[in-house]
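Chain letters run A, B, ... following the sequence lines, proteins first, then strands; residues in each count from 1.
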2 protein chains.
Amino acid sequence: MEKHSLKTIAKKLGISVATVSKALNDYNDISAVTKQRVKDLAQELNFIPDSVAKSLRAKQSKIIGFIAPDLMHHFYFNVLSGVLKVAQEKGYFVVVASSEDVMDNEIRHLRSFENKRVDGILLALSDNTLEYSHVNRVVQNEIPLVLYDKVSKTVKCSKVVINDRKAAQLATQHLIDLGCKKIAEVRGYFNALTAIDRFIGYKNALRENGMTYNRKIVFDGNGPSINDGMQVADRIFEQKNEIDGVICHNDLLAIGIIIRLNELGVKIPEEIAILGFSDSPYTKISQPSLTTVKQNGHEIGLKACEILIEEIEAKVNKKSFKTKTIEIPIELIIRKSTHKPIN
Amino acid sequence: MEKHSLKTIAKKLGISVATVSKALNDYNDISAVTKQRVKDLAQELNFIPDSVAKSLRAKQSKIIGFIAPDLMHHFYFNVLSGVLKVAQEKGYFVVVASSEDVMDNEIRHLRSFENKRVDGILLALSDNTLEYSHVNRVVQNEIPLVLYDKVSKTVKCSKVVINDRKAAQLATQHLIDLGCKKIAEVRGYFNALTAIDRFIGYKNALRENGMTYNRKIVFDGNGPSINDGMQVADRIFEQKNEIDGVICHNDLLAIGIIIRLNELGVKIPEEIAILGFSDSPYTKISQPSLTTVKQNGHEIGLKACEILIEEIEAKVNKKSFKTKTIEIPIELIIRKSTHKPIN
DNA sequence: TTGTACGCGTTATCAT
DNA sequence: ATGATAACGCGTACAA
């Protein structure tokens, strides 16, 4: 099967390329007869216009670049599903890349997106990105950009975020309401962009309830995995008497803690209540099932992609566009790992 | 920041566009001085060649289309990660789409890939695809195509597959070796392309060990989820005395069964041993942890993408390419759900 | 109503 | 060593 172009059709019909183009695009200065002849032949030849050529002319690739720090993480999958939904509706393609939480990868992907002439970029910063010149470069080059989830205030672009401070405060308050008096906090990556806000939320909740902050029961995990959680659990176990609740920045970490504390014979939630972040599907399988702060990834993806396309279309139509920041509400999902009777 | 092209540079330097192009591409008929001047200015202007124009000229988009039936499924994520790895190394972009196991979506995505002029397509058929004309169309249009995982023999293209028959046989043999005498089988979707082969493998193992096949303990789940598994568990419980082992076509299904049997007080693996398919991360969290047939998704992605790019480059160089089918080995990962002493 | 001519940004060919 | 020109496939201002 050969490839056809406007030229093929024009030749076969003995008319000009321009006429064919106009006919196919339903210009109203083309006779109905010609239109029909052209369309019939196009149909018959199974003609599909070359979108590369279109892109070159229109200076629009109809491609969106999507970067997540870790595609294996269920949350980012949810984000992607939201992005795909909107992109598809609006006729955009999504090119997917993962930074693996490595800044160099992030830089490389951004560069290749630039020279692929993507129309816009969706990015969640890697936890190991500590400097933003490569991101600012994108903004300077006037490529529409929306940061989601992992965000930096220093970058002037639209953002779709979770209010991590509020989320952590809500979570901590939940444990306090259950009667926990000695609440520990466990982070994943030390530098995680979300870590500080969650920490503040945690401390706010303590203060508002007249509880004192104890730095000895704030732990840094080596990473966000189950194994990291199991290691932290050993440290928690050493201070077992100083802890009756744990706010954990990540579901897997929390599940690792649960698994290890189970092994050590600590009763959850009776002796120690555990709470995670994300609402990953693992939460239901864990025994006991894990209470968690649900971050609606799908919703984040939807919104981020909507805003991005808005900005892209504004740019095409040379309209002005003002950057916006949207906050996606979180939700506390209570399961058995915090289901203890109020004492 | 304005966009620059070869023309901009040529003008600023008072030389021709052709020379600039050659200089940047290190042609050896350009003087070292000129090359340097051009490269310096390009650097300074932050010039990035327009890959859309390149594509138009080279008739190559450097884009690969990827379709999975269900991106939420961990297995396909693994496949995607393998695909991304190879694609990135070879300088290809990957556009991602999900058919959600709906044939119409599959058709739509294939069509839009065609007119996006992707260089090649990776596809796993949806479980609800029962007719393949849309796939054959792709082959007829001479767009390189590799089917992976969910495959149809009637489509003439390269394939990367798991030997499901062998896998199921291996799994069943494992239970037999443990002393199971009454092994049940549980499927997910009724029509799943993999279901028949697994069923045959299951029966082969029984026959080779002189065991009789009992159709009453072959169950069809309504779907592949934990909840579906829990429902099946109730049916298994009713025939508790007729069953001492379960081969399950899907990890989540298996975990659902485990959760429900735990609730019903059935001892796993002592009374009933359970075995799943996929090696999803859930297997480790399940209590007891789940023995499973590992399908190396990452490896499938790597191979599929390699073959696809091979075919693409062969086509570009007008070399012939012969379609091939590769089988990715499976591996039995033994965990506690089948860890019973041999009796 | 239709056709001519040009430009989008590259690169390959052929002159100079 | 460098440059002029054509071509990839499309859309559109302008001329006919």
Side-chain angles (χ1 to χ4, degrees), chain A residues 2-39 41-42 45-63 91 114-119 141 315-316, chain B residues 2-39 41-42 45-63 91 114-119 141 315-318:
Chain A
E2 332 118 60
K3 273 280 165 311
H4 303 295
S5 70
L6 294 183
K7 210 194 293 186
T8 338
I9 299 184
K11 249 181 206 151
K12 293 213 185 204
L13 256 40
I15 58 181
S16 82
V17 178
T19 307
V20 177
S21 168
K22 288 181 184 171
L24 287 173
N25 291 312
D26 264 330
Y27 275 53
N28 39 16
D29 60 354
I30 297 290
S31 71
V33 216
T34 310
K35 275 189 191 171
Q36 221 18 263
R37 290 211 310 148
V38 171
K39 286 183 179 175
L41 183 56
L45 294 180
N46 224 314
F47 169 76
I48 299 176
D50 186 326
S51 67
V52 174
K54 268 191 184 163
S55 289
L56 177 60
R57 179 137 224 294
K59 296 191 156 298
Q60 265 214 83
S61 62
K62 288 282 180 180
I63 295 179
E114 282 188 61
N115 68 55
K116 197 65 185 181
R117 297 283 189 270
V118 299
D119 288 343
N141 288 358
K315 188 183 166 197
V316 170
Chain B
E2 332 119 60
K3 273 283 163 314
H4 303 295
S5 68
L6 295 182
K7 210 194 294 186
T8 338
I9 298 183
K11 249 181 206 149
K12 293 215 185 202
L13 255 40
I15 58 179
S16 83
V17 180
T19 308
V20 177
S21 168
K22 288 181 185 172
L24 288 173
N25 291 312
D26 264 330
Y27 275 55
N28 39 16
D29 59 355
I30 298 290
S31 72
V33 217
T34 310
K35 274 188 190 170
Q36 218 24 258
R37 292 211 309 149
V38 171
K39 287 182 178 174
L41 183 57
L45 292 181
N46 224 314
F47 168 77
I48 299 176
D50 186 326
S51 66
V52 174
K54 268 189 186 165
S55 289
L56 177 59
R57 210 182 135 137
K59 295 191 155 298
Q60 261 206 290
S61 62
K62 288 281 176 181
I63 295 178
E114 283 187 62
N115 68 55
K116 198 64 184 181
R117 295 285 189 269
V118 299
D119 288 342
N141 289 357
K315 188 182 166 198
V316 170
N317 303 321
K318 307 205 189 282

Please table the atom pairs, donor to acceptor, closer than 3.5 Å between any side-chain atom in residues 51-59 of chain B and protein atoms at least two apart or in another chain.
unit_1: B:S51; atom_1: OG; unit_2: A:N115; atom_2: O; d: 2.6
unit_1: B:S55; atom_1: OG; unit_2: B:S51; atom_2: O; d: 2.9
unit_1: B:S55; atom_1: OG; unit_2: B:Q60; atom_2: O; d: 2.9

Listed partners of A:D50 passing side-chain hydrogen bond (donor to acceptor under 3.5 Å, both in side chains), at least two apart: none
For B:K35, enumerate each residue passing the salt bridge (Lys or Arg N to Asp or Glu O under 4.0 Å) test, keeping only those at least two apart in sequence or located in another chain. B:D26
Contact interval (first through last nucleotide) of DNA chain D with protein chain A, 4.0 Å heavy-atom: D:dC8 to D:dC14
Interatomic distance, A:I9 CD1 vs C:dT2 C1' [rounded to whole Å]: 17 Å
Quick check on DNA chain D: between B:V20 and A:S5, whose nearest nucleotide comes earlier from the 5' end? B:V20
Walk me through whether A:F47 and A:L6 qualify under side chain to side chain contact (heavy atoms under 4.5 Å, CB included). CA-CA 9 Å; A:F47 169 76; A:L6 294 183; 3.8 Å; yes
Through what angle, rounded to 10 degrees, does the axis of the helix from C:dT1-D:dA16 to C:dT16-D:dA1 turn between its ends, using five pairs per end? 50°
Sequence-distant partners of B:S21, side-chain hydrogen bond (donor to acceptor under 3.5 Å, both in side chains), two or more places apart: none
Whole angstrom value for the distance that separates P of C:dG3 from NZ of A:K7: 16 Å
With heavy atoms under 4.0 Å as the rule, sort B:S21 into base, sugar-phosphate or nothing. base
Strand contacts (DNA chain C) in residues 24-37 of chain A, 4.0 angstrom heavy-atom criterion: A:D29, A:I30, A:S31, A:T34
Is there a residue in residues 47-60 of chain A whose heavy atoms reach under 4.0 Å of DNA chain D, and which residues are they? A:F47, A:P49, A:D50, A:A53, A:K54, A:R57
Nearest heavy-atom contact between B:N141 and B:E114 is ND2-OE1, 2.6 Å
Rounded to whole angstroms, how far apart are CG on A:L6 and P on C:dG3? 13 Å
I need the full list of salt bridge (charged side-chain N to carboxylate O under 4.0 Å, His left out) pairs touching residues 5-22 of chain B, with sequence neighbours left out, sorted by first then second residue. B:K22-B:D29
Evaluate the side chain to side chain contact (heavy atoms under 4.5 Å, CB included) criterion for residues A:D119 and A:K315: first the C-alpha distance (whole Å), next the side-chain angles of each, then the deciding distance (0.1 Å), finally the verdict. CA-CA 10 Å; A:D119 288 343; A:K315 188 183 166 197; over 6 Å; no
Residues in side-chain hydrogen bond (donor to acceptor under 3.5 Å, both in side chains) with A:T19, at least two apart? A:S16
What contact category does B:K22 fall into here, base, sugar-phosphate, or nothing, at under 4.0 angstrom with non-hydrogen atoms? base
Taking the side chain as everything from C-beta on, heavy atoms only, tell me whether A:I63 gets closer than 4.5 Å to B:I63. yes
Write down the distance between CG (A:N115) and P (C:dT10), rounded to a whole number of angstrom. 11 Å
Hey, is the side chain of A:S16 poking within less than 4.0 Å of OP1 or OP2 on C:dG3, counting only N and O atoms? yes
Determine, step by step, whether A:V38 and A:L13 satisfy the side chain to side chain contact (heavy atoms under 4.5 Å, CB included) criterion, reporting the C-alpha distance in whole Å, the side-chain angles of both residues, the deciding distance to 0.1 Å, and the verdict. CA-CA 8 Å; A:V38 171; A:L13 256 40; 3.9 Å; yes
How far apart are the closest heavy atoms of A:S61 and A:V118, and which atoms are they? OG-CA, 3.5 Å
Closest heavy-atom pair and its distance - B:T8, B:S5: OG1-N, 2.8 Å
